[in-house]
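Please read the structure below before turning to the comments.
Note that the numbering runs from 1 along the sequence shown for the chain. In this text, all values refer to a predicted model and were calculated from it rather than measured experimentally.
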Amino acid sequence: MKRSFAKFSSLAIAFFIVVISHSQSTQPTPSNFTSKLIGLGVVVSDMEKSLDFYTNAIGMVKAYSFKIGSEFSKRSGLANGDSTSVTVLKLENSPEANEWKLMSFGKKATHAKQNFIQDDTGVQYITINVKALKPIIDRLKQRNVPFLGSSPTQLNRNSQILVVQDPDGTFIELIGPMGE
């Protein structure tokens, strides 16, 4: 009896150690970030053209605007003393939405417009998941925005992908069902 109790106790302790160590290893690692969101600053050549594309064709909403003064621009290392206005767009105006921050310094790009994502380095495209592609397709066609490749094209059983470029050449992937 003592032997089976000792065996049972050993097994119980081993099981307890495994459970404790497993529960500790599956705990999320503490994050050093104050938000789960990413804001991305996009320098555009023509603010009005870009605002029209992102708000009226894609369907983003203006959340807010702010100015970057020349002193802060230089001190922060962002723009070497050039001031600008920033318009923040979101997919929906909520605190849980990522920020797409448009700004312009009134200059054209110094590199050639890309034809494909591998033509340049850095951020080349964004992906926007939508409930229905049809209304966006209609708005893009009204603005004569060319569709790339054979898009829209079937991505999987439930979704299609449509790829376009913004006025400065950033690729925009729109993914979702065709919808009405």
Side-chain angles (χ1 to χ4, degrees), residues 31-117 119-148 151-152 159-177 179-180:
S31 172
N32 190 39
F33 301 106
T34 59
S35 172
K36 295 180 270 186
L37 304 175
I38 292 179
L40 187 65
V42 182
V43 178
V44 299
S45 59
D46 184 323
M47 182 63 90
E48 293 309 312
K49 224 180 192 178
S50 293
L51 282 173
D52 178 66
F53 174 82
Y54 284 108
T55 58
N56 297 322
I58 299 298
M60 290 181 167
V61 295
K62 290 182 190 179
Y64 61 94
S65 297
F66 62 93
K67 293 190 183 304
I68 297 175
S70 61
E71 191 274 324
F72 179 78
S73 156
K74 187 166 189 119
R75 187 169 37 94
S76 67
L78 286 171
N80 197 28
D82 288 347
S83 58
T84 191
S85 293
V86 179
T87 300
V88 179
L89 305 177
K90 295 182 174 194
L91 296 178
E92 62 180 37
N93 199 0
S94 83
E96 293 85 33
N98 289 308
E99 295 182 340
W100 189 249
K101 300 184 272 188
L102 297 182
M103 64 197 82
S104 180
F105 295 93
K107 301 176 193 173
K108 296 276 184 214
T110 57
H111 58 83
K113 187 174 179 181
Q114 309 90 289
N115 293 313
F116 302 98
I117 62 172
D119 291 347
D120 206 349
T121 58
V123 176
Q124 293 300 309
Y125 70 94
I126 63 169
T127 302
I128 300 173
N129 293 288
V130 301
K131 293 178 182 173
L133 283 170
K134 178 90 171 79
I136 297 170
I137 288 171
D138 293 344
R139 294 191 303 262
L140 290 166
K141 283 181 177 178
Q142 287 173 349
R143 287 165 179 74
N144 298 314
V145 175
F147 298 174
L148 303 181
S151 63
S159 296
Q160 294 192 34
I161 182 171
L162 169 66
V163 181
V164 297
Q165 285 179 287
D166 79 359
D168 289 296
T170 300
F171 293 86
I172 313 295
E173 288 182 339
L174 299 149
I175 298 174
E180 292 295 322

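Residue pairs meeting the salt bridge (charged side-chain N to carboxylate O under 4.0 Å, His left out) criterion with at least one member in residues 124-141, sequence neighbours excluded, are Lys134-Asp138. Listed by first and then second residue, the ring pair (Phe, Tyr, Trp, His ring centres under 6.0 Å) pairs involving residues 67-86 amount to none (not counting sequence neighbours). For residues 59-80, the set of pairs meeting the salt bridge (charged side-chain N to carboxylate O under 4.0 Å, His left out) definition, not counting sequence neighbours, comprises Glu71-Arg75.
Partners of Asn56 under the side chain to side chain donor-acceptor pair (under 3.5 Å) rule, at least two apart in sequence or in another chain, are Asp52. Glu173 pairs by the side chain to side chain donor-acceptor pair (under 3.5 Å) definition with Thr127, not counting sequence neighbours. Remark: Leu37 pairs with Ser35, Asn98 by the side chain to side chain contact (heavy atoms under 4.5 Å, CB included) rule, at least two apart or across chains. The side chain to side chain contact (heavy atoms under 4.5 Å, CB included) search around Val123 returns Leu40, not counting sequence neighbours. Checked against side chain to side chain donor-acceptor pair (under 3.5 Å), Tyr125 has no partners two or more places apart in sequence or in another chain. For Ala109, the side chain to side chain contact (heavy atoms under 4.5 Å, CB included) partners at least two apart in sequence or on another chain are His111. Applying the side chain to side chain contact (heavy atoms under 4.5 Å, CB included) rule to Glu96 yields the partners Ser94; only residues at least two apart in sequence or on another chain are considered.
Put simply, the side chain of Thr84 never gets that close to the backbone of Met103: no donor and acceptor are under 3.5 Å apart. A donor-acceptor pair is defined here as one N or O able to donate and one able to accept, closer than 3.5 Å; no such pair exists between the side chain of Ser50 and the backbone of Met47.
For the pair Ile68 and Ser83, the minimum side-chain heavy-atom distance is 4.5 Å or more. Side-chain contact between Ser85 and Phe66: absent, with no pair of heavy atoms (C-beta onward) separated by less than 4.5 Å.
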For residues 160-170, which side-chain donor-acceptor pairs fall under 3.5 Å, sequence neighbours excluded?
residue: Gln165; atom: NE2; partner: Gln114; partner atom: O; Å: 2.9
residue: Gln165; atom: NE2; partner: Gly169; partner atom: O; Å: 2.9
residue: Asp166; atom: OD1; partner: Asp168; partner atom: N; Å: 2.8
residue: Asp166; atom: OD1; partner: Gly169; partner atom: N; Å: 2.8
residue: Asp166; atom: OD1; partner: Thr170; partner atom: N; Å: 2.9
residue: Asp166; atom: OD2; partner: Tyr54; partner atom: OH; Å: 2.5
residue: Asp168; atom: OD1; partner: Ser45; partner atom: N; Å: 3.3
residue: Asp168; atom: OD1; partner: Ser45; partner atom: OG; Å: 2.6
residue: Asp168; atom: OD2; partner: Ser45; partner atom: N; Å: 3.1

